[in-house]
*Asks:* 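Quick one: the structure is below, questions incoming.
Just follow the structure's listing: the first ligand is 1, and inside any ligand the first atom is 1.
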Amino acid sequence: MARSGPSACWTLLLSLLVLIGCIVVPGSTVKHENFKTCAQSGFCKRNRALADNASAQGASWSSPYELDPATIHFKDGQLSGILIKITSTNVKVRLPLLVSFLESGAARLVVDEEKRMKGDIEVRHDSKANKKRYDETEKWVLVGGLEVSKSATLNAQTETGFTKVLYGPEDKYEAIIRHAPFEVEFQRDGQTHVQLNHQGLFNMEHWRPKVEGKEEAGEDESTWWEETFGGNTDSKPRGPESVGLDITFPGYNHVFGIPEHADSLSLKETRGGDGNHEDPYRLYNADVFEYELDSPMTLYGAIPLMQAHRKGSTVGVFWLNAAETWIDIVKKSASFNPLSMSANSKIDTQTHWFSESGLIDLFIFLGPTPQDISKTYGELTGYTTLPQQFAIAYHQCRWNYVTDEDVKEVDAKFDKYQIPFDVIWLDLEYTDDRKYFTWDPMTFPDPKGMQEQLAESERKLVVLIDPHIKNKKDYFVSQELNSKGLAVLNKDGEVYDGWCWPGSSNWVDCFNPAAHLWWSSLHKFDRFKGSLSNLFIWNDMNEPSVFNGPETTMPKDNLHFDNWEHRDVHNVNGMTLVNATYQAMLERKKGEVRRPFILTRSFYAGSQRMAAMWTGDNQATWDHLAMSLPMVLTNGVAGFPFAGADVGGFFHNPDKDLLTRWYQAGIWYPFFRAHAHIDTRRREPYLISEPHRTIISQAIRLRYQLLPAWYTAFHEASINGTPIVRPQYYAFPDDEQGFAIDDQLYLGETGLLAKPVVTENTITTDIYIADDEKYYDYFDFTVYQGAGKHHTVPAPEDKIPLLIQGGHIVPRRDRPRRSSALMRWDPYTFVVTLDKNGESEGTLYVDDGETFDYERGGYIHRRFQFRNSVLSSEELGTKGSKTAEYVKSMAGVTVERVVIIDPPQEWKDKSTVTIIEDGARAGSTTSLEYYEQTGGKASYAIVKNPNVGIGKTWRIEF
Ligand code: NOJ
């Protein structure tokens with residue numbers, strides 16, 4: 001960067017310090033000027049202009065794309081053909097189309113460009129860039145679910161000009177493909193749910209040669225061949241190549257998903273107007289300093305999965321493209337069409353998706369429930385990792401714990417104040433001069449001793465390893481990166497040099513398979529010296545964040561493995577690092593059997609298989625606390641539920657009330673970690689004065705008490721993709737009043753409904769109840785009942801608004817310990833609430849919380865039911881080679897208490913219950929105690945010490 005004079009240097013230094021967060025200006029907001037608006041992004045502008053043009057022309061607008069009927073083939077569940085576009089200069093562009101009808105009921109539509117498939121195009125300046133359209137996103141993202149349907153058939157009854165395919169369960173789905181103009185309609189049971197190119201915005205900017213001084217008729221070419229933003233110029237050797245498509249959801253008023261944005265769960269319209277956004281939702285992974293709320297601006301991660309929801313139906317689309325992407329959303333009053341919507345639907349949601357390069361690769365899911373979408377999407381991209389047990393307990397982080405002695409002291413202080421925690425984190429400064437895989441010899445002289453002390457209470461350490469490698473000759477990692485040729489290159493094919501925490505840095509190119517091998521080697525215990533087996537990894541800044549790069553990231557014309565431009569792969573880039581780290585963790589030790597734990601800031605579809613995520617650098621304000629809930633919920637809806645936000649807020653100092661409320665909310669994040677910026681005051685829970693310390697400790701203990709329920713919810717997510725914490729619409733998909741609610745949440749299937757307080761000076765809160773079951777306050781059993789309305793619940797500062805719906809059996813463990821691992825052999829308590837029929841149900845999943853033995857049956861999975869006055873436990877799941885061994889190891893783990901809330905009145909006169917274990921009347925009875933309550937609080941009964949085995953089949957007869 002050519003700058004002269006001291007003032008320019010100072011300005012640069014100051015802005016750099018502000019940018020990287022060394023100087024935090026209180027109350028400052030995001031620097032809009034650092035990030036593009038749609039109008040500043042060439043392809044966004046062009047695609048929006050197309051939409052404006054189409055809408056201005058109204059009915060006379062017709063999409064210029066046609067499917068050539070002579071090219072259509074249907075075989076083995078796949079339809080292929082060639083789409084033709086005649087350009088304004090009379091060029092006939094041929095675009096191969098492939099629609100696959102999958103066994104799962106999903107459909108996949110892929111459009112490529114014939115000329116580029118062969119690679120026979122010219123690129124400018126002898127650029128090294130790969131000439132094809134990038135077609136490898138799927139390599140990183142898809143792991144299954146691609147079996148093509150054997151039963152999909154062409155519908156013989158098709159009018160001329162159309163091709164129709166029947167597919168899905170019992171052939172209930174139909175894809176109606178119109179040839180000219182090209183349009184696809186997806187029906188379920190004769191109703192249209194998803195329409196492609198219905199607005200005629202399909203767009204594939206075809207390859208063309210750059211002809212100096214000549215413009216194509218009516219086209220805005222200003223950003224075709226070069227684009228400048230914020231002083232950075234993006235050379236575009238391949239010219240314009242964006243892809244776009246409109247996707248309409250007729251009769252659907254709500255759309256959810258497409259994280260990551262700091263916005264409401266139910267996505268807003270984006271074409272201006274009252275309460276709407278002006279810009280489309282943007283997906284371009286970026287390190288957005290002091291991000292703003294209620295915004296469609298991009299953030300650190302991207303999952304292009306959208307669910308559209310209405311009463312009785314959920315459908316979805318997944319736009320598999322790793323380039324920069326924008327999504328416009330418009331809601332229109334629907335013209336009534338009996339075929340396309342139910343009688344009471346009034347709104348069509350029209351969405352418009354466009355990406356800068358790559359293919360159109362779209363999956364269409366026809367539901368009909370949100371669970372169906374989670375399941376099918378998970379088959380494709382993988383389900384959430386089943387983490388080690390410690391990973392779902394409490395994490396204590398700050399930037400930074402400054403010495404190994406500091407870490408040990410924090411560890412001891414938690415014990416002194418009897419506050420549980422499982423993991424302590426080391427941010428950037430543990431390293432020697434910001435060189436990863438090293439320790440600062442002055443401040444961390446004895447990393448092993450530190451980890452050994454943590455291990456005494458089975459606690460873990462997580463350290464930060466970022467993808468930027470300090471560019472320094474005597475740093476072994478830098479030497480190896482360069483000598484092995486594993487770094488990302490600039491457009492000229494030289495090692496790319498940018499600015500990040502260590503100063504001048506190079507970036508490991510994890511698109512290169514050889515980089516994975518090398519990355520693995522670096523994590524081995526003999527190379528990452530001082531690391532022990534209780535050390536895990538935090539991959540930060542992997543968007544990648546580049547302080548002096550365009551929009552704080554890499555130039556788009558940088559080159560990755562196989563000469564793919566960074567433009568093509570940007571959004572999946574962060575995930576490739578996590579892939580490499582995951583593999584590295586598995587290979588740290590020969591025969592490693594323990595599950596990796598990784599936290600990642602950047603993510604894409606599929607990251608859920610390997611890591612947890614958090615919402616990045618939030619602020620210690622009530623608004624940020626409130627926003628954390630829709631953000632975490634949205635991630636769950638988008639298949640990456642292992643999500644959390646920095647408890648306490650990253651920037652600034654929360655006051656005690658905010659911090660306390662944040663802990664009470666944070667215990668409902670699947671990933672529960674406190675974190676703070678280097679400039680903030682220390683705020684470990686034991687440092688907070690009373691009564692807040694006790695209130696925070698109680699919140700953390702509640703998380704630990706409910707770990708069995710959490711782990712069970714994680715297990716469900718790991719086998720069927722359901723969110724770990726669920727929004728209202730997901731739990732009650734037919735209750736329209738609840739669809740936009742995003743400030744209360746349900747923990748898995750447990751019936752636990754939490755409404756964290758996110759406003760100051762609050763003493764009550766309103767919880768929305770959808771159905772007419774009774775709901776009980778978790779702590780004192782106050783009864784709330786009444787469907788479709790809000791109920792006022794006391795919420796003074798020492799109270800977490802938490803209800804249990806009637807009809808559930810919630811497993812928990814009541815003995816407070818220092819860490820979750822120390823609870824391993826503790827007995828369980830079951831909390832039982834009865835539904836309207838006097839029945840209830842619940843499940844429990846337990847395994848060793850550490851190894852992969854569960855994949856070979858090393859787990860206990862039980863269903864508990866209360867019916868006809870009997871509480872019973874039955875086995876779920878299938879046995880494997882490790883089942884017997886695991887069940888035996890848990891033989892001593894029993895149920896120590898059953899609490900039945902609101903039991904039948906006649907139990908007042910009962911004093912014992914009978915216990916039958918493994919079919920045998922263990923000869924035992926045990927006592928039943930009935931506790932009468934009045935004043936709106938339900939009575940309850942307690943079975944004391946039934947001592948039935950957690951892994952056994954038993955009955956308790958009341
Ligand atoms: C940015 C991360 O978002 C933040 O959590 C971390 O503390 C800093 N990087 C320093 O590593």
Side-chain angles (χ1 to χ4, degrees), residues 16-24 30 34 260 262 285-291 298-301 395-402 407 423-440 443-444 461-470 498-503 505 507 536-547 549 552-553 574 577-578 581 598-603 607 611-620 624 627-628 631 643-654 662 666 669 671-684:
L16 204 60
L17 287 171
V18 170
L19 183 72
I20 64 179
C22 291
I23 298 178
V24 177
V30 70
N34 287 348
E260 184 179 28
N285 296 349
D287 184 357
V288 183
F289 180 65
E290 298 207 325
Y291 62 77
T298 197
L299 284 177
Y300 314 91
H395 299 254
Q396 181 64 46
C397 186
R398 77 168 277 113
W399 180 15
N400 217 83
Y401 289 112
V402 290
V407 169
V423 193
I424 188 159
W425 291 54
L426 290 179
D427 208 322
L428 204 52
E429 320 301 340
Y430 78 91
T431 57
D432 179 10
D433 203 17
R434 300 185 170 180
K435 292 180 292 202
Y436 305 112
F437 305 102
T438 69
W439 303 86
D440 185 326
T443 50
F444 287 85
L461 180 73
V462 174
V463 300
L464 185 96
I465 304 269
D466 290 354
H468 48 256
I469 305 297
K470 189 177 176 89
W499 199 263
C500 206
W501 297 127
S505 305
W507 273 260
F536 296 85
I537 305 291
W538 174 13
N539 285 154
D540 190 17
M541 313 293 278
N542 49 341
E543 296 74 23
S545 176
V546 182
F547 297 150
T552 333
T553 189
L577 176 79
V578 178
T581 305
I598 303 165
L599 178 71
T600 179
R601 193 171 71 174
S602 181
F603 56 88
S607 298
M613 62 71 71
W614 92 110
T615 62
D617 299 347
N618 59 2
Q619 302 181 34
H624 270 269
M627 186 53 79
S628 68
M631 288 181 80
D646 284 349
V647 170
F650 180 67
F651 292 123
H652 317 305
N653 295 302
W662 212 316
Y669 304 153
F671 173 62
F672 174 34
R673 182 187 76 152
H675 184 38
H677 187 272
I678 197 163
D679 286 344
T680 58
R681 288 192 287 276
R682 294 289 280 247
R683 49 165 112 130
E684 289 67 33

*Asks:* In terms of the angle between their ring planes, are Tyr300 and Trp614 parallel, tilted or perpendicular, with boundaries placed at 30° and 60°?
*Replies:* parallel
*Asks:* Could you please provide the protein residues found below 4.0 Å of ligand 1 on a heavy-atom basis, arranged by chain and number?
*Replies:* Trp399, Asp427, Leu464, Trp501, Trp538, Asp540, Met541, Arg601, Trp614, Asp617, Phe650, His675
*Asks:* Judged by atom type as modelled, is there a donor-acceptor pair below 3.5 Å linking the side chain of Thr553 to the main-chain atoms of Pro544?
*Replies:* yes
*Asks:* The criterion is salt bridge (charged side-chain N to carboxylate O under 4.0 Å, His left out); which residues satisfy it with Glu543, sequence neighbours excluded?
*Replies:* Arg601
*Asks:* Go through the structure and list residues passing salt bridge (charged side-chain N to carboxylate O under 4.0 Å, His left out) with Arg673, not counting sequence neighbours.
*Replies:* Asp646
*Asks:* Determine the interplanar angle of the Phe444 and Trp439 rings, folded into 0 to 90°, and report it as parallel if under 30°, tilted if 30 to 60°, perpendicular if over 60°.
*Replies:* tilted
*Asks:* Only counting residues at least two apart or in another chain, list the ones meeting side chain to side chain donor-acceptor pair (under 3.5 Å) with Tyr401.
*Replies:* Gln396, Glu684
